[in-house]
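What you see is a predicted model; the values in this text were computed from it and never measured.
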Amino acid sequence: MSELRVGLLGLGTIGTGVARILLQQESLISRRLGKPVRLVAAADRDLTRDRGIDLSGVRLGDDAMDVVRAEDVDLVVELIGGYEPARSFVVAALEHGKHVVTANKALIAKHGEELFALAADRGLAIGFEAAVGGGIPCLKALREGCAANAIQSIYGILNGTCNFILTKMEQEGAAYDAVLREAQALGYAEADPTFDVEGIDTAHKLAILAGMAFGARIRFDEVYTEGINRITPVDIAAAAELGYRIKLLGIAKPHDEQIEMRVHPTLVPFDSQLANVNDSYNAVMISGDFVEHTMYFGRGAGERPTASAVVADIMDIARAHPDGIGHLPPPMGFVDQARRDLATMPMADVACEYYVRLMVRDEPGVIAAVTSILADHRISLEAIMQKERHATNNVPVVMLTHETREGNLQAAIARITALDAVGDDALILRKESFAA
Ligand code: HSE
């Protein structure tokens with residue numbers, strides 16, 4: 001029996017949560033592992049703030065490299081977030097022979113391949129469960145629980161901040177800015193909340209999920225990404241009238257030698273499980289050829305849930321320490337030489353059903369002109385709805401289409417918005433139907 005000694009980089013929201021669990025659950029963790037996990041050191045630039053935990057038994061400092069180099073640290077937990085300096089500290093930790101656990105999805109999505117190679121070369125483990133879905137053990141489920149399956153699709157509500165904003169906008173008619181501030185105060189949002197609302201955080205997480213699901217190298221830069229900042233109360237109400245709720249989804253599917261990866265606000269039917277995932281909750285639906293549909297639900301952000309996932313990774317590595325990581329699954333769930341460099345499907349080739357909201361002059365012939373262009377492109381409508389006139393403004397016209405290729409839809413919309421009577425501020429959302 002040998003204890004595992006942990007050093008923390010970052011005592012912000014998640015770092016504080018990890019310290020809290022390691023101290024408060026010390027005896028539970030030890031009973032589960034048959035050995036102790038001890039928090040020996042932590043670094044943060046601000047050591048004056050009261051975090052509401054007793055860190056008197058922990059060596060504190062403001063230099064991350066002191067933790068990375070410490071002789072008495074076996075595992076470094078990176079909770080700084082962002083690309084740099086987090087990447088440099090993780091590289092240095094691996095070079096100093098430390099296992100690494102991180103909650104940093106940006107880091108894994110962008111630099112994961114480099115870090116996995118470095119860790120493998122040195123016989124070290126790298127854990128990142130908390131990077132996707134906060135407290136939900138969805139990576140473990142995908143990597144291990146669903147390992148016998150060819151994965152057919154992934155649908156995820158992967159950003160707590162966006163889900164919180166969309167829920168409050170719908171349920172309380174709340175203003176976007178006020179809800180975003182509330183999400184920041186609750187510790188859900190990224191340091192730069194544009195990462196949340198522009199869909200980048202979801203894209204980080206989707207890229208990791210897709211790589212793991214399909215045995216592919218991570219290609220974050222190729223994920224098609226749209227955020228929630230163009231959604232208006234008009235769209236939320238129109239979608240509701242048609243039987244849908246708007247959620248920011250990450251979607252990944254395999255196609256022969258390509259992977260479809262996209263992040264965008266999506267209309268989901270009210271009676272689907274994903275439509276009923278609200279507030280900061282996240283959910284991931286993973287479908288496999290044998291298991292069929294599986295669904296993982298829980299808190300996607302915040303101190304305690306995210307720290308729960310970080311500590312679970314620490315515990316997995318503690319089981320392997322100090323004998324070696326031979327029995328741990330590979331970080332991306334496939335042996336490295338079996339992982340493939342799969343191309344990302346161009347968005348123009350992706351087939352979807354669409355919600356299109358146009359702002360049009362309320363005059364004869366406009367709808368006929370619009371539908372005639374759609375007919376030219378062989379786009380068939382499932383529903384069309386025109387709302388009453390608002391003073392002198394254009395009126396919203398909302399359409400739902402049957403499935404068509406994105407390139408075809410975009411070409412039709414370009415022609416439609418070029419019409420004199422149609423504003424150039426069309427909103428295009430995609431719609432999904434689910435078997436579960
Ligand atoms: N900013 C992220 C979110 C935190 O809102 O979900 C969890 O990754």
Exercise answer: donor-acceptor pairs, residues 207-217 side-chain atoms, under 3.5 Å, sequence neighbours excluded:
unit_1 : atom_1 : unit_2 : atom_2 : d
Arg217 : NH1    : Glu113 : OE1    : 3.3
Arg217 : NH1    : Asp336 : OD1    : 3.0
Arg217 : NH2    : Asp336 : O      : 3.4

Could you work out, with salt bridge (Lys or Arg N to Asp or Glu O under 4.0 Å) as the rule, every residue matching [X], not counting sequence neighbours?
{"X": "Arg32", "result": "none"}
{"X": "Asp341", "result": "Arg219"}
{"X": "Glu241", "result": "Lys387"}
{"X": "Lys105", "result": "Glu190, Asp201"}

Measure up the Tyr83 and His204 rings against each other and bin them: parallel (under 30°), tilted (30 to 60°), perpendicular (over 60°).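 The rings of Tyr83 and His204 stand perpendicular, inter-plane angle above 60°.
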Tell me whether Glu26 at atom CD has more than 12 heavy atoms from other residues, nucleotides or ligands lying less than 6.0 Å away.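 No - once you tally the heavy atoms of other residues, nucleotides and ligands closer than 6.0 Å, there are 12 at most.
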Can you sort out the partners of [X] under side-chain contact (heavy atoms from CB on, under 4.5 Å), two or more places apart, ordered by chain and number?
{"X": "Gln337", "answer": "Val335"}
{"X": "Pro233", "answer": "none"}
{"X": "Phe334", "answer": "Arg339"}
{"X": "Ser153", "answer": "Tyr155, Lys253, Ser287"}

In short, side chain to side chain donor-acceptor pair (under 3.5 Å) pairs touching residues 301-315 with sequence neighbours left out are Arg20-Glu303
Salt bridge (Lys or Arg N to Asp or Glu O under 4.0 Å) contacts touching residues 416-427 (sequence neighbours left out): none
Only one of Gln410, Glu406, Glu403 clears side chain to side chain contact (heavy atoms under 4.5 Å, CB included) with Tyr354; which? Glu406
Under the side-chain hydrogen bond (donor to acceptor under 3.5 Å, both in side chains) rule, collect the residues that match up with Asp46, sequence neighbours excluded. Thr48
